[in-house]
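What you see below is based on every heavy atom in this structure, not just the backbone, and it leaves out hydrogens, waters and symmetry mates. By convention in this document, chain letters (A, B, ...) are assigned in the order of the sequence lines, proteins followed by strands, and residues within each chain are numbered from 1. Treat the numbers as computed from the prediction; the structure is a model and nothing was measured.
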Amino acid sequence: MADEEVGAGRRAAESRRGPRSRFQWLNDTLLSTMFLSPTLVVLLFVAIFPLIWSLYLSFTEYSVIRDAGAWTSAPWIGLRNYQTLLRDPQLWQRFQITAGFVVPTVAVEFLFGFGIALLLNRDFKARSFITTVILIPMMLSTVVVGLFWRFMLQTDFGIIDYFIRDVFGLRPVFWLTERLPARMALVLVDTWQWTPFIVLISLAGLSAVPKYLYEAADIDQASAWFKFRQITLPLVSPLLVIAILFRLMDTYKLFELVWVLTGGGPGDSTKNVPVYLYKIAFGSFKTGEASGIGYIMLVVVIALASLLIRVLNQMRAEEA
Amino acid sequence: MNRTRRRRARSLIGRILFWVAVAMILLFFLFPLHWMVVTSFKRTAEVTLLPPTLIPWVQFNPTLKNYVEVLTKMPAGLLSAGTYKQSGFPQALLNSILISGAATVIAVLLGTVAAYAFSRFRIPGKGDLLFFILSTRMLPPVVTLVPVFVMFISFGWRNTFHGITLLYVAAGLPFVVWMMKGFFDEIPREYEEAAMIDGYSRLEAVWKIVIPEAIPAMLATAVFVLIMAWNEFLFVQLLNPGKFTTVPPFLYAIIGYGRVEWGRMAATSVIFLAPIVLFTWLVRKHLLRGVTFGAVRR
Amino acid sequence: MSEIRIQDLTKVFPNGTVAVRNLHLDVADGELLVLLGPSGCGKTTTLRCVGGLETQTSGDIWIGDRVVNDLGPGERDIAFVFQFYALYPHIRVYDNIAFPLRATGVSRDEVDRRVSAVAETLRISHILRERPKRLSSGEQQRVALGRAMIRRPQAFLMDEPLTNLDAALRADMRIELKHLQNELGTTMLYVTHDQTEAMTMGNRVAVLNLGVLEQVGVPLEIYDRPNTLFVAGFVGSPPMNLIAMQLAQDALKSEDAQQVMLDTSVADRIRAKQTGRELVLGVRAEDIRLTSGGNGGDLRAEIATREPLGDQTLYSVMLNHQLIQVTTASTERFEVGETVGLHLDRSRLRVFDASTGTALV
Amino acid sequence: MSSITIKNLTKSFGDTIAVDELSLHIEDREFLVMVGPTGAGKTTTLRCVAGLERPTNGAVLFDGEDMAGVSPAARDVAFVFQDYALYPRKMVSANIAFPLEARRYTKAQTEAEVVRVTRMLRIDGLLDRLPWQLSGGEQQRVALARAMVRTPRVFLMDEPLTNLDFQLRAQMRSELKRIQRELDVTFFYVTNDQLEALSMGDRIAVLNKGRLQQVGTQDEVYEHPANLFVASFIGSTRMNFLKCAYNADAGALTSVMGAWSLPATAEMRVRVQATSDLGNLILGIRPEDVQISPEAGDDELKGQVFVVEPLGDRNVVDVAVGPEMVKIKTPPAFLLDPGVQVSIRFSMSRAHLFDGVTHEALM
């Protein structure tokens, strides 16, 4: 008590000390510009500016090799690139090939992945270890994955074919040298690498479903089907949507795996739009035309992306 | 009582089936990795041997030959091919480390402050800005590749260190911004506000209170950016074929030229993948955020 | 006949923590018994064992005239109301309420009749078409009750059903729920950590602490005659004042040597039962009368703070470093710092054995 | 220390108005409690005073000097947050010392000050703990210590007790009040708990929907609520409200539902003149101002017991008077079974009368 009064007295005596903080002049407006500008500049310069550039190029007959840096002097041909492209049956085949890859791949990955998630969504020994381990493939470099599967899918000495042929005694599959098997190979490898992605997201959704809902259902003697249909699905679906959109987009953009595993072949049987674009741009160096294809490709991406981002934001809003 | 016994029996069968299923899943996802590691320890003759030998020491005796060669000798194919003269695998590995390392540091630093701004300040058109930032990430690489290639040609940035690094920074930034914004949104504003009340400017508050809070998040984010840059193939193989190339194009080249030395390829891959596996384990808690740009938490 | 009998219930969790230890408890037919205790005292675990959501480590549970140990939650003919209501998120209120009947295959129009009847009693007829997420917490609460009532179970099990409502609503729902249970006459086992809820709602209250039953009795018994220090300190707001004392002849002597005289008979009883010398005097805030001046009265102390609460005033007086709380009619007034005399209502004193924590008188 | 003047402060977020034309003066060294339901705009007001929010309109003055554009740091106020906002990575001592660092105190001075406040709050044993290692009550005290370690112009408190359990809350109420008196400083304290308001505040400001309802001492707000809201919000058991009409020639108040009719007091007869619509009044009476007895007497209301709630030191009995429900406080011994017929009497001298339209008090 007493010493407190002394303390109080002393404090009263010593004049109140205001803070001496630095950077007071730096108000929030200034600060936010300071924080934001570097990021925005980099992105504008490296991501947006080139896009605009290529938009311009898509109206020219420019070719990097032929008239290297002198792109300003490239002949302006207006919409002709687009005209030729849209008339060209090639492009449409490429889109078909792409779709023929995207749809089955995402479907398989989704069913497989969600199934695994349902299986693993219970507590058992080593749960976290197992779930983490099976996630490894999606973190690996697609090039390495592609190369190594190429090794495993060899028809003569590949291990997979060994099982097919010598263990199950079926006739050999020419994975990389026949059209249909080549496409199946792509689906297979992408499934191997990206199913974990679906598993991860599905598990998140499943474990977020409050346990007491199932308990209530038990007390009401609900069927397993009711629980799945009325409790599990509705609560997990938003996350599943996100997962699927992500996969749709990535498989649509897929370049590296195709490039490494099949190189678009045999024939053109697996040459999807990205590979096609690449070959036009850096095989035959028709830069202008390639830019055109790029922009046609973008239409689809932008649609998917804006949808995806809307869902993501929604998710955020709900989580917050 | 026998009712309970029946229940127990049923649950036992269920458990067995469950573990069988888990085993098969693990087999599917892990066998290729096992096969890669095993192959990397085989002599050239054993690599393509059928029936395959799966268990070292038991079925074949492992050798480090491949690893030694990877680190010392140039692959025969590459020598004849002429490119990569000065850069063997060690060089490529060093490049990978330096480039992805630099890109990661820069991206995380710039992205974090931007994310803070997005999380705390009222910014006109915030939604659109965030959308714009993320959308740059959604662009198909091949599409941007064309103009970027042109740009690099005309700026003379091909086969430079800074060119490719800047590119990876740009690739990493959107991710960092979204990730870190997610984390910042979870750090209560009251911390800064308390600090500001206690007599500090906002900048000081951020530096003294918020950043220390955010460091674990920043590290996790960094790992993802690092892996991204580490794995990138498309741009670097086109823009930096020369002395600033990284491991993925190098690997591809091994296959690309002449006779394929699978054992050696496997060894190279193992060296290249090992750090990724390690990192994946380190950030396992954050994988979910990582793959959803921080939109989905816990 | 639908009483609940809990016999020697023990629940040990895999990680080794003992949630409930040798619990005996009977809930009479049509009774509303409240399980009261702080978080982690095992009250919810007990409820979940009765509901079949946890399997007890040992002990028997009877509902009505059968042992339900081996029955699944669905087979026990009970209704469970969860703290977070547990409404099925994507089906309409109507179907949520109707669901338990549907599962047991009741005819459509019978279902319809009963749902509308229940909705009538709970005054939620107007929201039957809504989906749960669009409802206020109060409405969700009622829907959950509806789903519980619809099947006319042998017993209601309630797990802190009011905790998520704001104070005003909680007060109203308290009354409504109690009234409802009265009307239906269904046995109810009700878990809460809020002692006001327990006092106001329960026919009887069972106080749990660390998995052990401390006391069972009608609310006023628990309030007036707590059997243990824990009950004394947990029930009532403000809780009972607990003052360290020792017995000297026929008086209780405080640390600063003030004396509270007792009847010889009482003193003898204490002497007979006490294990150590240390005692604790328990007295309710409203059982102390203050007089100015301090002379006269059992104890003398100084007013530390004065808190007007509207209809009454709460004084804290400093009795050797311990704050003793006293409530008086808001008409009486004492000033902070003033020395006052404390008159303790002899008939309502409790004396506890400090070492065992049990009541001696 | 300083006085605080809030001049018709308005704060809106987008199109929602959190605080609406609020004017309030807080005396130097006063303990003012602002009370209201969640979303009333209390916290927003407090944050505007602290400088954490920029007012849309109006001004905040300390000792008459306008604080517009002055940063929170420069305002030199102390703020205790609802969830304490202790710096999670700093030890207790560092948390408390933090404001002094900003003021370039020497090690020795800081040391001394920290010891002084932690002694005063009896947490000097916790100095080298981290926040997560503390109980709610301890965190609370550390937050207080961080505010008290310097001599700010005012203490701003944002529902500091809401996260504590009720036993602890009761303790801290008296504790906080003692501290304010000992330090002899200005407290601007925000809460949604009317009990805290009544028990702690020198004066109480009741806020609802961003508008100030009434400012006054405990007695004023409890005994003479300015309007229906204050009457219903203040008081642990809600005041009873009965719709009624004034019958001039009988000089009586008659229930709209027709269940009862009571003679108005002389004062009421005068006051009712203030309203135009005599047919639309609300009689307010607190549960402790109603007497109940099992046996019937004349000029008393008949009712039926609905529910009895024993609280230990008293009971609250809900009695159905016709269609209306009346809450009554009775001594603990007074136990009745639901359904029993009883008669009740209002002490009309302590009743309140409100205008049924404006909801303003007529007395």
Side-chain angles (χ1 to χ4, degrees), chain A residues 19 21-24 26 28 31-32 35-36 38-39 42-43 46-47 50-51 53-54 64 68-69 71 116 119 132 134-137 139-141 143-144 147-148 151-152 157 159 162 197 200 204 242 253 255-256 260 274 277-278 281 287 290-291 294 297-298 301 305 309 312 315-316 319-320, chain B residues 21 25 29 35-36 48 50 52 110-111 113-114 116-117 121 123 131 133-136 138 140 142-144 146-151 153-154 166-167 169-170 173 185 199-204 227 231 233-234 248 251-252 255 262 265 269 272-273 276-277 280 284 287-288 291-292 295-297:
Chain A
S21 57
R22 308 191 200 80
F23 308 110
Q24 275 300 357
L26 198 52
D28 290 3
L31 206 58
S32 58
F35 280 178
L36 283 176
T39 299
V42 171
L43 287 178
V46 185
L51 268 187
W53 195 343
S54 73
V64 201
W71 52 274
I116 294 178
L119 183 75
T132 312
I134 65 172
L135 294 182
I136 290 173
M139 307 299 281
L140 302 181
S141 145
V143 175
V144 178
L147 287 177
F148 198 77
F151 170 55
M152 295 201 301
F157 54 81
I159 184 157
Y162 162 77
F197 177 86
L200 177 61
I242 289 185
K253 299 189 296 197
F255 171 84
E256 285 166 328
V260 173
L277 165 54
Y278 187 86
T287 315
S291 313
M297 232 187 126
L298 272 185
V301 172
I309 294 180
L312 286 181
M315 203 72 206
R316 267 258 174 74
E319 295 249 351
Chain B
I25 294 167
F29 286 114
W35 185 232
M36 174 184 290
T48 54
L50 289 183
L110 300 189
V113 288
Y116 176 84
F121 298 133
I123 298 161
F131 180 95
I133 288 179
L134 187 52
S135 56
T136 63
M138 305 264 173
V142 203
V143 175
T144 38
V146 180
V148 165
F149 183 73
V150 178
M151 183 165 95
I153 294 256
S154 17
L166 180 63
L167 210 56
V169 170
L173 269 174
D185 290 345
Y200 295 86
S201 65
R202 184 181 284 272
L203 191 60
E204 285 173 304
I227 292 176
N231 289 342
F233 166 73
L234 180 56
L251 262 166
Y252 183 66
I255 305 298
W262 293 109
M265 196 279 285
S269 307
F272 177 66
L273 295 187
I276 302 295
V277 174
T280 310
R284 58 188 182 282
L287 280 173
L288 185 64
V291 296
T292 59
V296 185
R297 285 143 204 200

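Counting heavy atoms from C-beta outward, I25(B) and L119(A) have side chains that approach closer than 4.5 Å. Annotation: side chain of F29(B) is not in contact with side chain of I136(A) (no heavy-atom distance under 4.5 Å). Using a 4.5 Å heavy-atom threshold, the side chains of P38(A) and L110(B) count as touching. Residues P274(A) and V143(B) fail the side-chain proximity criterion, which asks for heavy atoms closer than 4.5 Å. Side-chain atoms of L234(B) and E256(A), non-hydrogen and from C-beta on, do get closer than 4.5 Å to each other. Considering only heavy atoms from C-beta on, L277(A) comes within 4.5 Å of V146(B) through its side chain. A 4.5 Å side-chain heavy-atom check between F151(A) and S269(B) finds every atom pair outside the cut-off.
With sequence neighbours left out, F149(B) forms a ring pair (Phe, Tyr, Trp, His ring centres under 6.0 Å) with F282(A). Listed by chain and number, the residues in a ring pair (Phe, Tyr, Trp, His ring centres under 6.0 Å) with F131(B) amount to none (sequence neighbours excluded).
When V277(B), V148(B), L203(B), T144(B) are compared by the number of non-hydrogen pairs under 4.5 Å with chain A, L203(B) comes out ahead. Of the listed residues I116(A), I242(A), T287(A), the one with more heavy-atom pairs under 4.5 angstrom with chain B than any other is I116(A).
Looking at V46(A), both its backbone and its side chain come within 4.5 Å of chain B, counting heavy atoms on both sides.
For P50(A) against P147(B), the heavy-atom pair with the smallest separation is O-CB, 3.1 Å.
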